[in-house]
2 protein chains.
Amino acid sequence: MIEQAKDTETKILDAAKEVFQQKGLTGARMQEIADKAGINKALLHYYYRTKDKLFEKVFELAFSLFIPRVKEMMMSEKSVFEKIEFIVDNYINLLHKHPYIPGFIINELNRNPQMLVQLFEKNVQFKEINLFEKFDNQLQDEVNKGIIRSVDSRNLMTNVIGLCIFPIVARPIIQGVMFNNDKKAYEAFLAQRKQFVVDFIINSIKVK
Amino acid sequence: MIEQAKDTETKILDAAKEVFQQKGLTGARMQEIADKAGINKALLHYYYRTKDKLFEKVFELAFSLFIPRVKEMMMSEKSVFEKIEFIVDNYINLLHKHPYIPGFIINELNRNPQMLVQLFEKNVQFKEINLFEKFDNQLQDEVNKGIIRSVDSRNLMTNVIGLCIFPIVARPIIQGVMFNNDKKAYEAFLAQRKQFVVDFIINSIKVK
DNA sequence: ATTTGGTTTAACCATTTGGTCAAATTTAAA
DNA sequence: TTTAAATTTGACCAAATGGTTAAACCAAAT
């Protein structure tokens with residue numbers, strides 16, 4: 001039945017997300033995904049043919065949830081300061097909901113960088129050529145107005161995203177080394193960090 | 001004999017480093033390690049018993065190469081600005097030599113955070129309880145002197161390390177999205193980034 | 001030259017794993 | 001109600017994989 005089918009397909013995909021994102025392609029087991037979805041292992045192959053195909057689907061969904069967000073945010077009609085606040089805010093919220101995804105994407109892309117090329121070929125909307133042109137102009141504009149000092153757009157954007165993502169992907173290290181593995185302390189750290197990051201960046205580029 | 005033995009052991013370890021750091025515990029194959037070391041697979045088990053034990057060794061070496069460095073640097077007798085410049089400089093150089101290690105550590109610790117606990121138990125020198133106490137005092141001192149604005153030490157240190165590591169672990173994304181997969185452009189980006197990061201951080205905390 | 005101990009290998013084993021298939025079951029159409 | 005199609009399952013398979021073992025090899029000591 002079409003309803004039931006959709007349901008099964010979704011149950012499989014949800015289970016696959018969970019297992020792949022936590023264990024990676026090589027660490028994941030089809031049997032575990034089937035168990036988590038509450039179905040027979042053969043059904044996985046009925047709906048998704050192979051492990052690789054199922055993985056590809058999961059990866060694409062994870063990727064499209066995280067990467068194109070930055071584009072939207074950079075394209076919005078806001079001042080540089082507002083954009084930074086907006087991006088940090090949104091990204092940290094997103095990370096709070098999906099803490100495993102960035103590590104998953106980073107790890108799988110390091111294992112097989114070719115995936116990104118294939119993704120760009122298959123899904124043209126990901127490949128926005130002049131993402132930075134507009135942002136570059138805006139930065140230059142605000143430099144001329146004496147609002148910010150001169151900064152390279154790609155370095156700035158790397159910092160914005162990196163400062164959001166790093167404490168999440170490096171959670172075990174940070175929680176372990178900085179907070180003696182105190183989970184509550186780490187969570188408190190994250191909670192206050194959003195404001196710190198915004199201030200840190202704006203302070204760095206603002207002309208005083 | 002003892003010379004040859006040491007040599008074989010080293011060859012195995014070197015091969016294991018390469019394979020594990022690129023493919024992770026679950027993605028690595030004992031046969032591939034043996035091939036890369038130019039020896040029979042049974043020799044791996046002769047010298048290191050099991051895959052897990054060999055992996056543990058590789059992980060420990062990688063970990064001890066990266067994490068304790070921060071401690072040394074934070075403990076040195078330098079001003080805050082000098083420390084930041086020193087850490088960024090050293091860390092980026094280290095990353096240039098071992099670009100796979102941070103991703104490796106991050107990924108394996110996310111797969112099994114328990115490893116860190118075991119490592120601390122086994123290797124007490126890693127667990128420096130009051131790493132931040134001295135640094136906190138130094139920061140407060142320079143705040144009082146009007147050199148820097150008031151910043152939380154753990155947030156600051158997270159930023160320093162994160163800004164160094166992130167562009168390396170996220171290389172495929174950055175190279176792909178920001179530089180249209182132009183390897184040279186990415187490398188040029190890294191080369192100029194060291195100075196950018198130092199300026200970015202110091203500018204952010206300096207009182208002008 | 002023979003013995004002894006560590007080193008290395010080829011062959012082998014048990015288990016795991018991704019994947020298949022024919023049969024059973026369910027669902028929707030005729 | 002019958003039929004046809006889609007869905008689900010248990011049983012099974014071949015390949016891959018970590019690990020073992022007995023025999024061969026080799027260098028040094030006697």
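By convention in this document, chain letters (A, B, ...) are assigned in the order of the sequence lines, proteins followed by strands, and residues within each chain are numbered from 1. Note that the structure is a prediction, hence the values are computed from the model and not measured.
- Straight-line distance from the NZ atom of A:Lys11 to the C1' atom of D:dT7: 12 Å, rounded to whole Å.
- Partners of B:Asn203 by side-chain contact (heavy atoms from CB on, under 4.5 Å), not counting sequence neighbours, listed by chain and number: A:Arg149, A:Ser204, B:Lys208.
- Straight-line distance from the CG atom of B:Leu54 to the C1' atom of D:dT17: 15 Å, rounded to whole Å.
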Mind listing the side-chain donor-acceptor pairs of residues 14-23 of chain A below 3.5 Å, one per line with the distance, residues two or more places apart or on another chain?
unit_1: A:Glu18; atom_1: OE2; unit_2: A:Lys36; atom_2: NZ; d: 3.4
unit_1: A:Lys23; atom_1: NZ; unit_2: A:Glu32; atom_2: OE1; d: 3.2
unit_1: A:Lys23; atom_1: NZ; unit_2: A:Glu32; atom_2: OE2; d: 3.3

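- Listed by residue number, the members of residues 35-43 of chain A with any heavy atom below 4.0 angstrom from DNA chain D are A:Ile39, A:Asn40, A:Ala42, A:Leu43.
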Name the atoms and distances for all side-chain donor-acceptor pairs under 3.5 Å in residues 91-105 of chain A, with sequence neighbours left out.
unit_1: A:Tyr91; atom_1: OH; unit_2: A:Phe66; atom_2: O; d: 2.9
unit_1: A:Asn93; atom_1: OD1; unit_2: A:Lys194; atom_2: NZ; d: 2.9
unit_1: A:Asn93; atom_1: ND2; unit_2: A:Asp89; atom_2: O; d: 3.4

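- Pair assignment for D:dT30: C:dA1, on the basis of Watson-Crick or G-U wobble contacts that are both within less than 3.5 Å.
- Remark: P of D:dT20 and NZ of B:Lys53 are 11 Å apart, rounded to the nearest angstrom.
- For residues 114-124 of chain B, the set of pairs meeting the salt bridge (charged side-chain N to carboxylate O under 4.0 Å, His left out) definition, not counting sequence neighbours, comprises B:Glu56-B:Lys122, B:Glu60-B:Lys122.
- Applying the 4.0 Å criterion to OP1 and OP2 of C:dT9, one finds that B:Tyr46 has every side-chain N and O outside that range.
- Within a heavy-atom distance below 4.0 Å of DNA chain D, the residues of residues 15-33 of chain B found are B:Ala28, B:Arg29, B:Met30.
- Distance B:Ile12 CD1 to C:dT7 C1': 11 Å, rounded to the nearest Å.
- Distance, A:Asp7 CG to D:dT8 P: 9 Å, rounded to whole Å.
- At distances below 3.5 Å, at least one donor-acceptor pair connects side-chain atoms of B:Glu82 with backbone N or O atoms of B:Ser79.
- The salt bridge (Lys or Arg N to Asp or Glu O under 4.0 Å) test applied to A:Lys78 returns no partner, not counting sequence neighbours.
- Here C:dC13 presents its P atom at 17 Å from NE2 of B:His45, a figure rounded to the nearest Å.
- Distance, A:Arg49 CZ to C:dG18 C1': 13 Å, rounded to whole Å.
- Between A:Glu77 and A:Lys134 there is a salt bridge, since a side-chain N of the basic residue sits under 4.0 Å from a carboxylate O of the acidic one.
- C:dT20 atom P lies 12 Å from atom CG of A:Leu44, rounded to whole Å.
- For A:Ala188, the side-chain contact (heavy atoms from CB on, under 4.5 Å) test picks out no residue, with sequence neighbours left out.
- Every pair passing ring pair (Phe, Tyr, Trp, His ring centres under 6.0 Å) that includes a residue from residues 150-204 of chain B is listed here, sequence neighbours excluded: B:Phe179-B:Phe189, B:Phe196-B:Phe200.
- For B:Thr8 and C:dT8, the shortest distance from a side-chain N or O to OP1 or OP2 is below 4.0 Å.
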